[in-house]
Amino acid sequence: MQLVLGSASPRRKALLSELGFDFRVVTADADESFDATQSPEELVLSICRKKISAIWPEIAPNERLICADTIVFLNGKVLGKPQSKADAIEMLQQLSGQTHEVYTGVVIKDTGAEHQLVDCTTVRFQELKLEDIIHYIEEHEAMDKAGSYGIQDWIGHIGIVEIRGSYTNVMGLPTQRLYPFLKQLS
């Protein structure tokens, strides 16, 4: 089966490529709204299924589609992608000095079955200075990331003091779990 990555994320593309899989990329606009009463696990999987539904008509019978979604979960509140620079600053101020969870859901679908997995990583930021937050928002790509940050970016290098779980999960694809899962399906 040929793999198809249903994502515009450059990080997901790079991670899947680094795992050694050949794939093509297909993207579509999908409704990423969610029910706030859902658990983080249910939420990421429901958004993945919306992405699957939006892209599925473009998938050939010999292809397997992979869609993923990542959220930041802080004190019972979901932090998705920021809507503005002010929103991004507010998110990073909320994360400053706090521990939060990053959930990534992955749904893999082909004509025969649908498979899913969810991974969770705990991340702790040290206290962030407002000037560092503003520098990051102005000089780096914070707007396309859940919680307004990339662990692999400058803010991750200067601000993250502890991580429990998968580093690549925080980037948007839990490769340690996805790799054996995809190998098993081959």
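Because the structure is a prediction, the values reported are computed rather than measured. These values consider heavy atoms only, across backbone and side chains, with no hydrogens, waters or symmetry-generated copies.
Of the possible donor and acceptor atoms, one in the side chain of S96 sits under 3.5 Å from a partner among the backbone N and O of L128. Under the 3.5 Å distance criterion, the side-chain polar atoms of Q83 are left unmatched by any main-chain donor or acceptor of A88. Under the 3.5 Å distance criterion, the side-chain polar atoms of D110 are matched with a main-chain donor or acceptor of A113.
Neither L92 nor V161 shares a network with the other; the hydrophobic side chains, linked directly or stepwise wherever heavy atoms of I, L, V, M, F, W or Y lie under 4.5 Å apart, form separate groups for each. Clustering ILVMFWY residues whenever any of their side-chain heavy atoms sit less than 4.5 angstrom apart, transitively, puts Y149 in a cluster other than the one holding V44.
Listed by first and then second residue, the salt bridge (charged side-chain N to carboxylate O under 4.0 Å, His left out) pairs that reach into residues 82-96 are K85-E138, sequence neighbours excluded.
By the ring-ring contact (aromatic ring centres under 6.0 Å, His included) test, W56 pairs with no residue at all, sequence neighbours left out. With sequence neighbours excluded, the residues that form a side chain to side chain contact (heavy atoms under 4.5 Å, CB included) with T37 are D35. Among residues two or more places apart in sequence or in another chain, the side chain to side chain donor-acceptor pair (under 3.5 Å) test is passed with S166 by T168, Q176. The salt bridge (charged side-chain N to carboxylate O under 4.0 Å, His left out) check on K183 picks up nothing, with sequence neighbours excluded. Looking at residues two or more places apart in sequence or on another chain, you find a salt bridge (charged side-chain N to carboxylate O under 4.0 Å, His left out) between D144 and R11. By the side chain to side chain contact (heavy atoms under 4.5 Å, CB included) test, D31 is found to be paired with S33, K50, residues two or more places apart in sequence or in another chain being considered. Residues satisfying the salt bridge (charged side-chain N to carboxylate O under 4.0 Å, His left out) test with K109, not counting sequence neighbours, are none. Shown here are the side chain to side chain contact (heavy atoms under 4.5 Å, CB included) partners of E41, two or more places apart in sequence or in another chain: S39, Y103, V118. Residues satisfying the salt bridge (charged side-chain N to carboxylate O under 4.0 Å, His left out) criterion with E101, sequence neighbours excluded, are absent altogether.
Shown here for I163 and Y167, the closest heavy-atom pair between the two residues is CD1-CA, 3.7 Å. Between V107 and I52, the closest heavy-atom pair is O-CD1, 3.9 Å. Between K51 and C67 the shortest heavy-atom distance is CB-SG, 3.8 Å.
Ring centroid separation for the pair Y136 and H157 does not come in under the 6.0 Å cut-off.
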Just list the side-chain donor-acceptor pairs under 3.5 Å for residues 15-22, sequence neighbours left out, or say none.
none

Could you pull out every donor-acceptor pair under 3.5 Å between side chains of residues 70-81 and any protein atom, sequence neighbours left out?
unit_1: T70; atom_1: OG1; unit_2: R12; atom_2: NH2; d: 3.0
unit_1: T70; atom_1: OG1; unit_2: T104; atom_2: OG1; d: 2.9

